[in-house]
Amino acid sequence: MPQPYVVRPDSAFLGRILDEGGEDAKKCFQCATCSVVCELSEGGRPFPRREMLWAQWGLKDRLIADPNVWLCHQCNDCSTHCPRGARPGDVLAAIRREHVLHYAFPSFLARWVNQPKYLLFLLLIPALLLGLAFVSKDQLAGALGISTTTPDTIIYAYWSQLPQWLLIAFFVMFTGLAFLGVLAGVVRFWRAMKAADALNRFSTPDKGIFPSIVAALKSIFTHEQFNKCTTDRARATYHMLAFYSFIVLFVVSLWVMTAGINPLVGEGFAYPFSFWNPWRMVANLGGAVLLVACALMIRERLKRGEEGLKNTFFDWGFVWLLLLVAATGFAVEAMHYMRFVPQRYVAYLVHLVVAFALLVYLPYSKFAHLIYRTTAMVYVEHAGKNGGAPVVAVAEPQPEESVEIGEQQDETEGQQGDTEDQQSDTEDTHEAQ
Amino acid sequence: MDSAEKKVAVWICEGCEIGAALDIDALEEVVADDCDTDSCQSHPFLCSDEGVEAIKKGIEDGANALVIAACSPRFQVDTFMFDGCLTDRVNLREHVVWSHEPNDEDTQMLAADYLRMGCARANKAEIPEPFEAEIDKTIMVVGGGQSGMTAALEAATAGYEVMLVEKQEQLGGWLTNFAKTFPKKPPYRDLQPVDLESRIAEIEQNDRITVYTGATIEKIDGQPGQFDVSIKTNGNGAGTQFRAGAIVQATGWKPYDATRLGHLGYGSCANVITNVQMEELAASGQIIRPSDGKPAQKIVFIQCAGSRDEEHLPYCSAVCCRVSLKQALWVRELDPDAQAFVLYKDVRAPGQYEDFYRRAQEDPGIFFTKGEVVSVQEGSNNDLVVDVEDTLIDKHIQVEADLVVLATGMVPVAADGEAIRQFRDAQGVVAKGEEGVQLEAAKETVVNLAEHEGTEILNLGYRQGPDLPVLSYEFPDSHFICFPYETRRTGIYAAGCLRAPNDFDACREDAEGAALKAIQSVELASRGGAVHPRWEDRSYPDFFLQRCTQCKRCTEECPFGTLDEDEKGTPEPNITRCRRCGICLGACPERIVSFKDYSVEIVSSMIKAVDIPDEFEEKPRLLGLICENDAYPALDLAGLNRLQHSAFIRFIPVRCLGSVNVVWIADALASGYDGILLVGCKSGDDYQCHFIRGSELMGTRGANIQEKLKQLALEDERVRIEQLSISEPERLVEIINEFAEEIDDIGMNPFKDL
């Protein structure tokens with residue numbers, strides 16, 4: 001017999017849900033239309049109905065350990081059909097934001113990232129750090145034992161004042177820190193979900209961790225779930241464009257960065273590329289698609305105003321940043337061809353700053369959906385799509401779990417790591433010409 | 001009018017397909033040969049100006065009893081109503097040509113029989129003369145709460161003198177306990193202060209209204225138009241007498257007894273209170289815990305506490321949801337850090353109050369969930385834990401509370417007049433102390449009904465009890481949408497929460513309706529007319545008391561308490577209490593009750609007027625006695641829809657199935673009818689019987705009829721009793737046709753050839 005659940009509304013949590021996109025949460029009167037119209041909600045996990053009630057009650061303990069909120073892609077089928085105007089889709093988005101804030105490490109960073117007043121300050125940090133690196137590059141080189149005079153045979157520095165080795169070292173170090181943040185978030189989220197299951201549902205795993213990851217990735221790469229959303233098909237399409245363009249840029253960057261050591265990189269791969277080099281063309285195409293996808297997303301969010309998605313700083317911050325990264329990248333490329341010196345270096349600096357913000361602040365911004373959604377999807381595959389029927393508690397094999405988290409991490413991390421490099425690499429390429 | 005002077009004239013209309021489907025000349029011959037009439041004429045279009053002129057000419061020539069053979073009596077009522085003339089309507093349209101094959105031998109025979117029956121009635125019936133009495137038109141209102149005050153003001157505004165009697169020392173009722181109410185005007189979002197003073201002032205300034213506060217009713221004797229009221233007031237202890245014509249009872253409600261809600265912690269936990277107690281707390285401006293006087297910050301509202309629960313009140317009290325919404329918002333207004341939890345079965349906020357519900361929902365400090373409250377437990381410090389199951393939050397949750405408010409329902413402040421009478425009768429038997437079975441039964445009754453002792457409100461001097469009879473859930477109202485405010489005592493109308501759980505606005509509306517009913521009652525009494533449903537009927541029952549055997553059936557069975565009794569048990573009619581249903585007529589074994597235009601003799605003569613063929617083969621004859629309120633209109637509807645039914649059945653409308661005297665059935669069987677169908681309105685808790693008990697009484701009498709059939713060695717199936725509503729013409733036709741087939745199978749009534 002499970003213990004009764006003692007409900008203790010968390011007013012502060014409820015207040016944030018109401019303030020950050022879920023302002024209509026209290027209007028829900030539990031008719032379950034949302035769960036019925038939702039193409040993604042399945043019998044055993046009847047979101048968003050239950051989540052709506054938990055949200056109304058400010059039950060942070062329940063919601064914060066709930067993977068179901070990440071199964072939603074916010075197509076707003078539910079919000080469109082809600083007879084009460086409670087906008088469950090937007091409420092779930094607000095809850096997801098709470099997840100990002102709750103699991104972030106260190107948490108103060110998440111608070112900063114999600115408040116407009118810290119925006120300039122947060123952009124100033126990479127600018128200052130880059131400046132610091134620039135000023136002290138010789139000392140650094142000395143300390144690292146790098147010969148600043150020896151030109152790299154493969155990697156060609158775009159701007160000799162910010163050499164390739166310096167940028168790689170800089171970004172690897174800070175994205176490494178971000179990775180630690182991601183790792184902490186994922187571990188905490190996974191543990192919370194497991195604890196909540198053990199407490200309330202006593203579920204036995206449905207699938208092993210590895211098959212769960214495979215299933216989740218398959219779903220992610222095909223956008224299988226996202227494409228089921230009917231009210232707003234465009235969202236899935238835009239997301240898919242952004243997703244794949246991102247991957248393309250990632251792979252190109254990874255190849256460029258690792259050309260010296262990567263056995264997969266063939267003989268003909270000689271950097272810098274000419275403009276008509278297939279690698280460069282693919283990278284340019286990827287960048288263009290990303291730019292267009294971001295622009296479309298922004299247009300969609302602007303166009304639909306009150307009727308459509310609720311737009312918060314959390315949403316805007318991420319999508320504009322992504323757009324800026326792509327746009328500044330192309331700006332640098334364009335200025336490079338037009339021989340705008342030194343304007344192109346200014347653009348380059350701006351590009352580096354926004355790329356830094358995108359990558360290093362990933363665990364604290366909406367970009368973190370990448371890790372939490374993946375984690376939640378893996379967890380749901382693992383725990384069972386039925387939300388765990390109350391069966392006898394079975395102790396889970398501990399080692400497996402930890403391995404899982406590790407793998408999962410790597411995967412996500414890889415994706416994000418690539419972004420940064422790819423962007424900077426694109427620039428380098430240009431210089432080569 | 002003496003029957004010797006009667007001059008019966010028959011008019012047959014040929015319009016609406018009647019002329020095309022029937023041989024009118026043959027019908028005229030039937031009237032000439034078989035009926036005692038002075039003239040018979042046909043007209044192609046009787047309701048036309050020419051037709052009406054022709055009838056008027058006949059009246060000028062001396063006709064005073066008219067048989068109009070045309071459409072249903074439910075149509076062209078005014079057209080065929082002529083001063084000083086008795087009119088009998090023979091329904092050739094709906095019941096003959098529209099529901100049977102045209103130009104058919106059996107249809108023709110049916111029409112001929114209906115004409116014979118109409119002529120028989122025209123010969124026997126007389127024009128009713130209204131009952132004359134001195135009628136006082138003062139309206140007495142019992143109860144000075146929202147409903148009573150409204151009824152008083154409405155009646156006074158309409159020009160009637162009003163006596164307003166209130167038990168408390170001041171007017172206002174529950175309004176005096178409530179500082180704020182839920183909103184009554186758009187946008188239906190904010191609490192509203194109660195403005196009682198201006199309403200009381202309005203009443204006090206009204207010259208037509210006399211207010212008695214601190215007053216109780218000692219006795220009400222008499223009948224509508226002639227109620228003699230004695231009241232006693234606390235102030236000077238003196239009695240006051242006055243006469244009133246009609247009464248609006250608006251004695252309101254009391255909260256359900258929360259001490260019965262032990263499972264919700266009431267009584268055992270200091271910090272469990274009712275919504276009524278909460279009202280006082282909120283009005284005081286601070287929500288504090290009864291146990292320690294500390295501010296309560298977590299307040300749980302348990303909805304349907306003892307409501308919609310077979311163990312307690314099976315009904316919904318309509319307002320508790322809104323009251324809790326109000327109190328939850330109030331709590332939040334008084335303390336922005338407080339949290340209010342509403343645990344409900346369903347939130348019932350009808351109409352515009354949906355907006356009020358939304359308002360409460362939007363408040364971040366008010367939390368709603370559906371669920372079953374299992375228990376309320378007290379922990380240390382008198383803190384409370386409420387266990388709720390089957391919530392959507394989780395299967396089993398616990399909510400911690402500083403204070404629990406039980407949303408208890410409304411119980412009408414009514415006295416069960418019939419129970420009080422039984423109690424008093426039993427007390428009388430016990431007092432006499434004569435040994436026997438009766439004494440034992442009486443002693444038991446005294447114990448069982450002890451709770452009713454001293455609950456009297458109206459103290460009516462009625463044989464059937466001193467207060468309004470109550471129906472289900474102790475409410476004295478009729479419970480049926482067709483008869484709002486009607487009670488089973490003519491001239492006494494229930495309003496407000498006495499009638500049904502209501503909010504303040506609905507009470508106001510109720511009071512307006514009941515006041516109008518009371519006015520109608522005195523106005524109709526003043527001209528000798530009946531009230532609903534036999535509106536304006538001038539006939540009334542006449543008791544030929546010389547032959548009365550004091551069997552008391554009429555005094556017991558009258559649904560309206562019309563008849564009192566003298567010491568021997570002889571009925572004492574109070575005509576203005578009568579609704580003219582004729583149940584007394586049906587009840588009387590001595591057949592001493594009759595109306596001028598409705599009597600045992602009149603209906604018997606109609607039954608016997610039918611020409612019964614000697615041979616059964618292909619010509620059985622069935623009699624249908626159908627209630628004029630639902631079954632007869634349903635048969636009209638069947639005709640309108642051209643639904644065909646057996647041509648072997650002859651229908652006679654009766655005032656109520658309860659007015660069917662068993663002798664009619666005996667007469668019919670003796671006359672050679674092969675079967676008898678009785679159709680009335682629905683009985684039971686959700687009765688539609690316009691006289692409340694008619695169909696039910698027929699059911700009881702039906703048992704006696706079956707007994708009689710057995711004695712005569714006749715088949716049970718020859719008499720069938722059915723109940724239906726006005727909206728079931730298809731079913732009625734099915735019943736008729738099935739019955740005809742069944743009788744065909746059983747065969748001939750063996751008394752036919754005798």
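Letters A, B, ... mirror the listed sequences (proteins, then strands); counts begin at 1.
- In summary, A/Arg8 and B/Glu400 engage in a salt bridge, as defined by a charged side-chain N under 4.0 Å from a carboxylate O.
- Residue-level contacts of residues 367-377 of chain B with chain A, in order of numbering, are B/Phe367, B/Phe368, B/Thr369; threshold 4.5 Å between heavy atoms.
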Candidate pair A/Val6 and B/Ile397, rule side chain to side chain contact (heavy atoms under 4.5 Å, CB included), full reasoning
CA-CA 6 Å; A/Val6 182; B/Ile397 63 167; over 6 Å; no
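- Judged by distance alone, the side chain of A/Lys26 and the main-chain N or O of B/Ile366 form a donor-acceptor pair under 3.5 Å.
- More than 12 heavy atoms of other residues, nucleotides or ligands lie within 6.0 Å of NZ in A/Lys228, so this atom counts as buried by the packing criterion.
- B/Pro364 approaches A/Leu14 most closely through the heavy-atom pair O-CD2, 3.2 Å.
- Interface with chain A: from residues 263-291 of chain B, no residue qualifies, criterion being any non-hydrogen pair under 4.5 Å.
- Annotation: residues 335-361 of chain B contacts chain A through B/Gln339, B/Phe341, B/Leu343, B/Glu354, B/Tyr357, B/Arg358, B/Gln361 [non-hydrogen atoms, separation under 4.5 Å].
- Within residues 305-333 of chain B, no residue approaches chain A closer than 4.5 Å by heavy atoms.
- Shown here is B/Lys184, whose NZ atom has more than 12 heavy atoms of other residues, nucleotides or ligands within 6.0 Å.
- The minimum heavy-atom distance between B/Asp394 and A/Arg62, with the atom names listed, is OD2-NH2, 2.7 Å.
- Nearest heavy atom pair, residue A/Gln30 against residue B/Leu392, reads OE1-CD1, 3.2 Å.
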